[in-house]
Amino acid sequence: MTSMNAANPGQSKADLQRADGSPVRVLVVDDEETLAELVSMALRMEGWEIRSAGSGNDAVRTAREFRPDAVVLDVMLPDFSGFEVLTKLRAETPNVPVLFLTARDAVEDRIAGLTAGGDDYVTKPFSLEEVVLRLRALLRRSHGVSASLGSTLVVGDLTLDEDSREVHRGGEPISLTATEFELLRFLMRNPKRVLSKAQILDRVWSYDFGGQANIVELYISYLRKKIDAGREPMIHTMRGAGYVLKPAT
């Protein structure tokens, strides 16, 4: 996955942005390189600008240069704890939202993270979707970031309201399951962009999902029956590459 701008022609810009209109900046801090990259890729799919750091010192230095709008912060780092990183970050940027990310799941650890000043807390294993949704919620509450054009995605005659979770095509309501909704939302955030099965699995299902890629095919078929049935198709298969959603011609 590479960095992209989620604003596309024919789509309302529902993704969050900085007050000056530039992409949201998020710093991902985790010494597990693979996990950090998975989280970073998921956030880049939101159209956000991402930097990563593998230690507390790197995090503080990068934050000073990057000036992130939010931080995803692992508690257990090789040099000093995420709680100490938070203290140093807040000394320079008091209002930056911080989402703690850790393998610790004891209640006292969660309380410690929030007491230290963290805004939210996610334990491993987690779904990438959960991290994105929690970050979006934190960013919406923070100053300097806006979602001025609302929460409705529009591609052609297909609309999806992220807040009410209502979907319409050609003005007609379409009822979707929770998973179908998340899959369609991901497709609509990336119109005219070919998305691989691996990307879809990473984004819609948990990053450590143990199933086969054919679950993507299955849910794509469910969506087609509801979105494309009796209409000009919008969901297309790109053989050997993945799937793409684009306005009907």
Side-chain angles (χ1 to χ4, degrees), residues 1 3-17 21 23-24 26 41-48 127-141 145-207 209 215-238 241-249:
M1 300 179 189
S3 179
M4 69 185 70
N5 188 332
N8 294 280
Q11 176 191 21
S12 290
K13 187 174 180 180
D15 288 310
L16 297 166
Q17 59 185 347
V24 165
V26 179
M41 287 191 297
L43 301 184
R44 288 190 184 102
M45 295 301 291
E46 296 296 304
W48 300 344
S127 71
L128 294 175
E129 178 71 11
E130 180 182 11
V131 172
V132 171
L133 290 176
R134 291 192 182 217
L135 269 180
R136 290 176 69 87
L138 292 179
L139 286 163
R140 278 199 171 101
R141 294 201 298 266
V145 174
S146 65
S148 58
L149 295 182
S151 62
T152 302
L153 303 179
V154 181
V155 179
D157 63 349
L158 181 65
T159 63
L160 180 150
D161 190 308
E162 296 184 290
D163 291 334
S164 69
R165 300 183 75 85
E166 294 178 346
V167 177
H168 293 79
R169 182 163 183 197
E172 296 181 11
I174 297 173
S175 177
L176 300 178
T177 66
T179 301
E180 290 167 353
F181 180 88
E182 297 304 335
L183 175 56
L184 180 62
R185 174 159 62 178
F186 183 42
L187 293 172
M188 291 184 70
R189 284 181 180 170
N190 298 277
K192 299 182 181 180
R193 186 179 187 90
V194 178
L195 301 170
S196 70
K197 291 179 182 178
Q199 286 175 313
I200 294 173
L201 277 173
D202 279 347
R203 188 64 175 80
V204 179
W205 283 269
S206 176
Y207 74 92
F209 180 73
I215 193 170
V216 177
E217 298 176 14
L218 182 63
Y219 272 86
I220 286 288
S221 71
Y222 291 161
L223 265 189
R224 280 179 166 145
K225 290 176 182 177
K226 295 183 177 183
I227 301 298
D228 289 342
R231 305 180 178 95
E232 189 73 22
M234 294 183 68
I235 303 172
H236 304 270
T237 300
M238 307 302 289
Y243 302 95
V244 60
L245 181 141
K246 54 188 178 181
T249 55

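Computed from a predicted structure; not experimentally measured.
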For T179, give me all partners under side-chain contact (heavy atoms from CB on, under 4.5 Å), at least two apart in sequence or on another chain.
T177, V204, W205, Y219
side-chain contact (heavy atoms from CB on, under 4.5 Å) partners for D228, two or more places apart:
R169, R224, P233, M234, I235
Side chain to side chain contact (heavy atoms under 4.5 Å, CB included) assessment of R136 paired with R134
CA-CA 5 Å; R136 290 176 69 87; R134 291 192 182 217; over 6 Å; no
Could you tell me which non-hydrogen atom of [X] sits nearest to which non-hydrogen atom of [Y], and how far apart they are?
{"X": "Q199", "Y": "F186", "value": "O-CE2, 3.9 Å"}
{"X": "V216", "Y": "K197", "value": "CG2-O, 4.0 Å"}
{"X": "F181", "Y": "D161", "value": "CZ-O, 3.8 Å"}

For a 4.5 angstrom cut-off between non-hydrogen side-chain atoms, does [X] reach [Y]?
{"X": "L183", "Y": "Y222", "result": "no"}
{"X": "L128", "Y": "L43", "result": "no"}
{"X": "E46", "Y": "P23", "result": "no"}
{"X": "H168", "Y": "P173", "result": "yes"}
{"X": "V24", "Y": "L139", "result": "yes"}
{"X": "L184", "Y": "V167", "result": "yes"}
{"X": "L223", "Y": "L176", "result": "yes"}

Set out, in order, the CA-CA distance, both residues' side-chain angles and the distance that settles side chain to side chain contact (heavy atoms under 4.5 Å, CB included) for E172 and R231, then state yes or no.
CA-CA 12 Å; E172 296 181 11; R231 305 180 178 95; 3.1 Å; yes
Here the salt bridge (charged side-chain N to carboxylate O under 4.0 Å, His left out) pairs for residues 173-184, sequence neighbours left out, are R165-E182, E180-K226, E182-R185
Test log, rule side chain to side chain contact (heavy atoms under 4.5 Å, CB included), inputs L187 and L195:
CA-CA 8 Å; L187 293 172; L195 301 170; 3.8 Å; yes
Interatomic distance, L158 atom CG to L153 atom CG [nearest 0.5 angstrom]
9.0 Å
Interatomic distance, T152 atom OG1 to E166 atom CD [nearest 0.5 angstrom]:
9.5 Å
Verdict with reasoning, N190 to L245, per side chain to side chain contact (heavy atoms under 4.5 Å, CB included)
CA-CA 8 Å; N190 298 277; L245 181 141; over 6 Å; no
